[in-house]
Amino acid sequence: MPELPEVETTCRGIAPHLIGQRIIKPVVRHPRLRWPVPPELINILPGRVVTSVTRRSKYLLIDTDRGTLILHLGMSGSLRVLPSHTSPGKHDHFDLALESGQCLRLTDPRRFGAVLWTTDPLETHPLLNRLGPEPLGAEFSGDYLHAASRSRKVAVKTLLMDSHVVVGVGNIYANEALHLAHIHPLRLAHRIGKSHYDQLAKAVVTVLEQAITAGGTTLRDFSGVDGRPGYFKQQLRVYGRAGQPCHDCSAPISLLRLSGRATYFCPGCQRQ
DNA sequence: CCGGACGCCTGTCGGC
DNA sequence: TGCCGACAGGCGTCCG
């Protein structure tokens with residue numbers, strides 16, 4: 001599912017439809033997502049006004065005058081803005097009906113997504129308070145990665161996908177960034193030097209920014225707020241390309257499994 | 001503390 | 001055509 005570029009695309013897409021809107025009511029069709037949808041939303045949300053829509057990691061934060069709605073898209077989730085009367089499909093589990101006559105609709109076949117509510121400061125929320133820095137923020141750099149990796153005896157790809165180290169980098173973009181940086185995904189994190197981490201940090205930023213520009217990557221489920229897919233799939237360097245030639249050196253892309261996740265790399269460009 | 005496996009769900013695809 | 005296992009963009013929890 002959605003990694004940072006897809007969530008960012010969603011955030012930018014829904015924000016103008018939500019900000020300043022008064023919420024009529026939530027519609028909970030399937031309360032059993034990753035965690036139960038809080039039943040009290042039925043009483044709390046009507047009448048609330050959306051004050052901002054932001055993203056932290058892969059969480060969407062819909063701030064209101066009385067608290068914050070936290071949405072996560074899991075593996076297969078997407079959000080659309082539709083006329084409120086649009087009849088729901090099988091996997092349309094949650095709506096936020098707005099005064100504008102439109103609704104924000106969560107579709108999520110696998111139901112790994114989440115709809116949560118908090119009135120506490122976000123930095124204290126258990127899902128948010130241990131997250132690493134944003135990869136597109138000022139804190140993230142080669143220096144940072146180098147420092148964060150010194151005691152980590154894991155594969156560098158595993159480090160990159162650890163949300164306590166840096167958020168938003170999932171399986172697709174970890175594979176892509178390592179290829180762009182010419183680093184083998186199995187190299188041990190603590191044995192990689194600073195200059196390589198400089199390259200890696202730059203590659204992460206480049207890949208994520210290019211993916212956001214393309215509206216994200218659609219493999220199957222993901223769509224933007226208008227229902228259109230993301231177009232970054234056409235620019236993927238290694239992900240899903242096992243056996244196909246590397247665009248840089250023509251060697252066939254290799255596939256292995258790391259912590260159960262498909263790991264693609266070029267044996268020519270990314271030496272162990 | 002650290003690393004790795006598991007489980008939550010449904011849909012799709014390839015092999016037989 | 002049907003069945004069955006493997007696999008899919010995430011991530012908290014548990015266990016050694």
Side-chain angles (χ1 to χ4, degrees), chain A residues 1-10 29-37 55-60 70-79 89-94 106-116 125-132 135 148-178 185-191 204 207-208 211-212 214-224 229-243 255-264:
Chain A
M1 142 35 261
E3 301 181 37
L4 186 146
E6 292 74 37
V7 181
E8 180 65 25
T9 296
T10 299
R29 300 191 191 82
H30 200 135
R32 300 190 57 183
L33 302 180
R34 178 74 161 86
W35 296 281
V37 177
R55 176 191 63 72
R56 169 72 174 115
S57 182
K58 296 171 191 168
Y59 296 94
L60 285 163
I70 302 174
L71 303 185
H72 195 285
L73 301 180
M75 289 276 268
S76 59
S78 58
L79 289 167
K90 184 179 177 185
H91 302 299
D92 294 341
H93 306 311
F94 180 85
L106 174 67
T107 304
D108 184 8
R110 293 178 70 181
R111 290 195 277 122
F112 288 174
V115 177
L116 299 169
H125 193 279
L127 289 175
L128 304 174
N129 64 3
R130 291 180 175 175
L131 294 174
S149 64
R150 289 311 80 192
S151 63
R152 299 297 304 274
K153 296 177 182 138
V154 287
V156 61
K157 178 172 178 249
T158 304
L159 182 89
L160 206 49
M161 292 177 67
D162 182 344
S163 63
H164 304 298
V165 174
V166 60
V167 300
V169 184
N171 198 36
I172 294 179
Y173 299 111
N175 282 298
E176 294 300 295
L178 286 164
L186 296 187
R187 285 193 63 191
L188 263 20
H190 68 120
R191 301 194 49 203
V204 167
V207 164
L208 294 178
I212 291 169
T217 301
T218 296
L219 296 179
R220 173 172 295 132
D221 299 300
F222 178 74
S223 79
Y231 297 104
F232 194 68
K233 186 177 179 185
Q234 299 157 19
Q235 297 177 55
L236 291 175
R237 310 165 67 88
V238 289
Y239 186 87
R241 297 193 62 242
L255 169 61
L256 55 78
R257 212 149 279 281
L258 174 60
S259 304
R261 310 301 294 274
T263 300
Y264 301 89

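Note on naming: letters A, B, ... go to the chains in the order of the sequence lines (proteins, then strands), and numbering restarts at 1 for each one. Values below: every heavy atom of this structure, side chains too, minus hydrogens, waters and symmetry copies.
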> Once you apply a heavy-atom cut-off of 4.0 Å, does A/Tyr239 come out as touching a base, just sugar-phosphate, or nothing?
sugar-phosphate

> Does B/dT10 have OP1 or OP2 sitting under 4.0 Å from an N or O in the side chain of A/Lys90?
no

> Output yes when a side-chain donor or acceptor of A/Arg29 lies under 3.5 Å from a complementary backbone atom of A/Asp92, and no otherwise.
yes

> Please tell me if A/Arg110 has a side-chain N or O lying less than 4.0 Å from either OP1 or OP2 of B/dG11.
no

> Using only side-chain N and O atoms of A/Arg111, determine if any of them is under 4.0 Å from OP1 or OP2 of C/dC11.
no

> Look at all strands and tell whether A/Thr217 reaches a base, only sugar-phosphate, or nothing, counting heavy atoms closer than 4.0 Å.
base

> Once you apply a heavy-atom cut-off of 4.0 Å, does A/Lys233 come out as touching a base, just sugar-phosphate, or nothing?
nothing

> Less than 5.5 Å between centroids and less than 30° between ring planes, does A/Phe112 satisfy that with B/dC8?
yes

> Please check the phosphate of C/dC11 (OP1 and OP2 only) for any side-chain N or O of A/His164 closer than 4.0 Å.
no

> Would you please enumerate the stems DNA chain B participates in, each stem being three or more consecutive Watson-Crick or G-U wobble pairs with both distances under 3.5 Å?
B:2-8 with C:10-16, B:10-16 with C:2-8

> Look at the side-chain N and O atoms of A/Arg261 and state whether any lies under 4.0 Å from the OP1 or OP2 oxygen of C/dG10.
yes

> Counting only N and O atoms by type, is there a donor-acceptor contact under 3.5 Å from the side chain of A/Glu6 to the main-chain atoms of A/Phe222?
no

> Where do A/Ala262 and A/Asn171 come nearest, in terms of heavy atoms and distance?
O-ND2, 3.1 Å

> Looking at A/His72, does any N or O in its side chain come under 4.0 Å of the phosphate oxygens OP1/OP2 on C/dG10?
no

> So A/Phe232, base contact, sugar-phosphate only, or nothing? Heavy-atom distance under 4.0 Å.
nothing

> Can you check the A/Leu127 CG to C/dT13 P distance for me, whole Å?
8 Å

> Can you pull out the residues from residues 149-162 of chain A that lie within a 4.0 Å heavy-atom distance of DNA chain B?
A/Arg152, A/Lys153, A/Val154

> Does A/Arg34 put a side-chain nitrogen or oxygen below 4.0 Å from OP1 or OP2 of B/dC9?
no

> What is the distance, to the nearest angstrom, from the CZ atom on A/Arg130 to the P atom on C/dG12?
10 Å

> Taking C/dG5 as the reference, what is the distance to B/dG7 when you measure between their P atoms (whole Å, please)?
16 Å

